[in-house]
J.: 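Structure provided below as structure tokens; questions to follow.
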Amino acid sequence: MRELTFAQAIREALDEELARDEKIVLFGEDIGAWGGVFRTTEGLYEKYGPERVIDTPLSEEGYVGMAVGIAMTGMHPVPEIMFGDFITLAMDQIVNQAAKMRYMTGGQVAVPITIRATMGGGRSSGAQHSQSWHAWFAHVPGLKVVVPSTPYDAKGLLKTALRDPNPVLFFEDKVMYHKIKGPVPEEEYLIPFGVADIKREGSDVTIVALSRMVHTALAAAEQLAQEGISAEVIDPRTLTPLDEETLIQSVCKTGGAVIVDEGYQRFGVTAELAAVIAKGAFDYLDAPIERVAAMDVPIPFSPPLEFATIPDEERIIQAVHRVLEGRRPQ
Amino acid sequence: MSDFKTLPVEPNLLIEMYRRMLTIRFFEEAIFDVYRKGWMPGLAHLSDGQEATPVGVCMALRPDDTITSTHRGHGHIIAKGGQVEPMMAEVMGKVTGYCRGKGGEMHIADVSLGILGANGIVGGGLGIATGSAFTAKREGKGRVSVAFFGDGAVNQGLWYETANIAVLWKLPLIYVCENNQYTEFTYWKNLTAGEGLVARAQAMGMPGIEVDGNDVVAVYQAARQLVEAARRGEGPATLVCHTIRYGGHHVGDPGTAYRTKEEMDEWRKKDSIQRCERLLVESGIFSPQDIETTRSEIEARIQNAVQKARQDPFPPVEEVSEHVYA
């Protein structure tokens, strides 16, 4: 099968859906003639024109707010947040408008918006260009949250988002755009929301990881295999809806869980997933659940400091060891 | 006595304006009563005194034009054709309400009438209105979008962001600022630098008009001029209507601590409904008896709506998880 980069897979999903549905319009900063600062919309402006691939002023609140009205009047806008950090500027429109319009009108309207936002550090971009804010949106009823890890998943999940009648937050780790390549079939496919993917099967411990951390977890699992430890790596792929069943079943099988996320640990995604596992697989847990997340500090600029804050293979391996050492004697 | 032939609007249009303004006035007075009796939960933000602005604007609109409204939105909804029965039920949290009791007093919407919702966030509807204008331009059917907002929203960033985009993209959007003089409890000039919104709009290359917001005919004529220009593809415009709310920020605030009796007496002399009644009678369209009959009829309809809403059921608790997702 041919291989695409993460960015190419995103672009292909946008391309196919723009061709399929004329109600889809893309909005964002430099996404048009320039092709996007991460090249995810490259060529789409030339193909679909300035009426479908639209350069906006640096007005996140304005164009995300417009997206709510566009969605309520029958189209499917796709606003892009260049650096996910800037999503703070559009917070009211996402949380108080998009997420609530269907509910507050008693079901009169649907609000089909796909908000594409980048996430992740590791590029020495400093504390205002490196954050991962997916947990915030998973906290809000009315929103769906997608955190793909592979080109295959990104394409199939983005196509699903572009057909979903709800506001969807689609987080793309910017380190993956051009570094991660993977098989993507030529023929059309969609991946449903709420279905976790077992990225690697194993029997000794379950590692749940999101977005780019799936690759870090897979590398850690490879090293653990050399020690004779069999780690299962589960990728939830979507946080809302969340496939709780697959997580619980895996932990029931392995007896231990390590949860990995590039978002902050405090009150973050790892806490929610740990609670889901603790409740659903309590009798099967042989050790406390371990969490590996970003340190609770602003993401630093200097590379050694930055890498210290972000989960890496070593921290995951140590967490797995703690789980296995903490295991009660059989 | 003037002749209706010299009236600046068609007699039937003036009658309809009068009926809608009166409906707003009596609806708000009924809500005041309903709230004080403890028949509705939450807060009540009333717009009695401001009737001429939403009615003047909405009478310049087509049924397929859209509006967004504010937390003080009852008047806008009635002006755009909203029905008092589901409105009354909604403010009481009943399942027969416009939003099945899930929106409430600050969030009434009837999308089928182009009412894209009142909004609890000051200026929060500006994005929705701009988005609706974007879709309208894309459809190419001459539809326009109106954003109602108050003097407080003039200082929200969303106005600047959407106005900039609307001018650049020539969107068919009318920004209607209903300046009722007080941003909650503070006089607007203590909060807004410069000459106000029209000057700010003009700085962005957007035309703007200021009118007496208690003169329904003046509001209508100004709105009509701007709406027709927007329909022709000339882009957005701003309309500032100066008016007053008779009550406080909400029922429970008498509105007397920060406003003087003299000030309010002056505004009462400019009452929109009395002016409309004088115009109707002096031009021979209505007799004093017609005025009385209209008042009784609308009063009765609203009292019936109150009684019906009182008896209507609350939503079943099973509905609490419905409508979160489509």
Side-chain angles (χ1 to χ4, degrees), chain A residues 22-23 25 27 50-52 54-77 79 89-113 140-144 164-168 193 240-241, chain B residues 66 68 90 95 97-104 106-112 114-121 123-139 143 145 147 156-166 168-169 171 315 319-326:
Chain A
E22 64 179 20
K23 291 191 167 68
V25 281
F27 291 89
E51 301 278 301
R52 306 278 311 276
I54 303 172
D55 281 317
T56 62
L58 308 195
S59 304
E60 285 82 0
E61 185 181 14
Y63 68 80
V64 173
M66 281 183 65
V68 182
I70 292 169
M72 287 172 73
T73 49
M75 298 179 71
H76 190 132
L89 294 158
M91 213 58 177
D92 178 65
Q93 298 304 313
I94 299 171
V95 169
N96 282 324
Q97 310 296 339
K100 292 176 174 57
M101 275 305 144
R102 181 169 182 79
Y103 197 78
M104 291 202 309
T105 61
Q108 288 182 52
V109 291
V111 190
I113 306 174
V140 180
L143 303 177
K144 295 186 179 182
D164 195 287
N166 298 287
V168 176
F193 291 171
T240 319
Chain B
T66 61
T68 60
E90 186 62 34
V95 72
Y98 261 128
C99 308
R100 302 188 68 79
K102 284 176 165 165
M106 286 190 278
H107 306 290
I108 300 174
D110 183 347
V111 175
S112 71
I115 301 163
L116 299 182
N119 207 299
I121 304 290
L126 288 163
I128 295 169
T130 315
S132 175
F134 177 89
T135 307
K137 183 170 183 183
R138 184 60 55 92
E139 289 167 351
R143 182 166 75 71
S145 167
Q156 289 276 359
L158 191 54
W159 184 80
Y160 298 87
E161 296 198 3
T162 61
N164 180 54
I165 291 173
L168 285 171
W169 299 354
L171 299 182
E319 279 203 17
V320 72
S321 297
E322 284 179 26
H323 310 128
V324 180
Y325 294 98

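Just so it is clear: chains get the letters A, B, ... in the order the sequence lines come, proteins before strands, and each one is counted from 1.
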J.: Please name the pair of heavy atoms, one in Thr135(B) and one in Ile70(A), separated by the smallest distance, quoted to 0.1 Å.
T.: OG1-CA, 3.6 Å
J.: Quick one: what part of Ala109(B) sits under 4.5 Å from any heavy atom of chain A, side chain, backbone, both or neither?
T.: both
J.: For Tyr325(B) and Leu143(A), work out which heavy atoms get closest and say how close.
T.: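 The answer is OH-O, 2.6 Å.
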J.: Can the ring centres of Phe27(A) and Phe134(B) be said to be less than 6.0 Å apart?
T.: yes
J.: Go through Leu126(B), Asn164(B), Ile165(B) and name the one with the most non-hydrogen pairs under 4.5 angstrom from chain A.
T.: Ile165(B)
J.: Counting distance only, does the side-chain N/O of Glu51(A) pair as donor-acceptor with the main-chain N or O of Arg138(B) below 3.5 Å?
T.: no
J.: Could you check whether any side-chain N or O of Tyr63(A) sits under 3.5 Å from a backbone N or O of Gly127(B), counting only pairs where one atom can act as donor and the other as acceptor?
T.: no
J.: With only heavy atoms counted, which part of Glu139(B) is less than 4.5 Å from chain A, the side chain, the backbone, both or neither?
T.: side chain
J.: Measuring from atom NE2 of His323(B) to atom CD of Gln108(A), what distance do you get when rounded to the nearest 0.5 angstrom?
T.: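 Separation between the atoms: 9.5 Å.
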J.: Relative to chain A, which segment of Leu171(B) carries a heavy atom at a distance below 4.5 Å: side chain, backbone, both, or neither?
T.: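 It is the side chain, since no backbone atom gets that close.
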J.: Counting heavy-atom pairs under 4.5 Å with chain A, which one of Val324(B), Asp110(B), Leu168(B), Leu158(B) comes out on top?
T.: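 With the most close heavy-atom pairs to chain A, the winner is Leu158(B).
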J.: Ile54(A) versus chain B, heavy atoms under 4.5 Å apart: side chain, backbone, both or neither?
T.: side chain
J.: Examine whether an atom of Lys100(A) lies under 4.5 Å from a heavy atom of chain B, and if so say whether it belongs to the side chain, the backbone or both; otherwise answer neither.
T.: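 Looking at Lys100(A), nothing touches chain B.
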J.: Output the option from Pro141(A), Gly65(A), Gly69(A) having the highest count of non-hydrogen pairs under 4.5 Å with chain B.
T.: Gly69(A)
J.: Could you tell me which portion of Val25(A) (side chain, backbone, both or neither) has an atom closer than 4.5 angstrom to a non-hydrogen atom of chain B?
T.: side chain
J.: Looking at Asn119(B), Thr68(B), Thr66(B), Ile108(B), which one has more heavy-atom pairs under 4.5 Å with chain A than the rest?
T.: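 Top option by heavy-atom pairs under 4.5 Å: Asn119(B).
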J.: Heavy-atom cut-off 4.5 Å, strictly under: side chain, backbone, both or neither for Gln97(A) against chain B?
T.: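 Only the side chain of Gln97(A) comes within 4.5 Å of chain B.
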J.: Please flag which part of Trp169(B) lies under 4.5 Å from any non-hydrogen atom of chain A: side chain, backbone, both or neither.
T.: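 Contact with chain A is through the side chain of Trp169(B) alone.
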J.: Given the options His107(B), Arg100(B), Glu90(B), which has more heavy-atom pairs under 4.5 Å with chain A than any of the others?
T.: His107(B)
J.: Which heavy atom of Met101(A) sits nearest a heavy atom of Ile128(B), and at what distance?
T.: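 That closest heavy-atom pairing would be CE-CD1, 3.8 Å.
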J.: Which bit of Pro57(A) is near chain B, if near means a heavy-atom gap under 4.5 Å: side chain, backbone, both or neither?
T.: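 The side chain, not the backbone.
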J.: Under 3.5 Å, side chain of Tyr103(A) to main-chain N/O of Val320(B), donor-acceptor pair present?
T.: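 Yes, because the side chain of Tyr103(A) sits within donor-acceptor range (under 3.5 Å) of the backbone of Val320(B).
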J.: Nearest 0.5 Å, please: how far is CD in Glu161(B) from CD in Gln93(A)?
T.: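 Nearest 0.5 Å value for the CD-CD distance: 9.0 Å.
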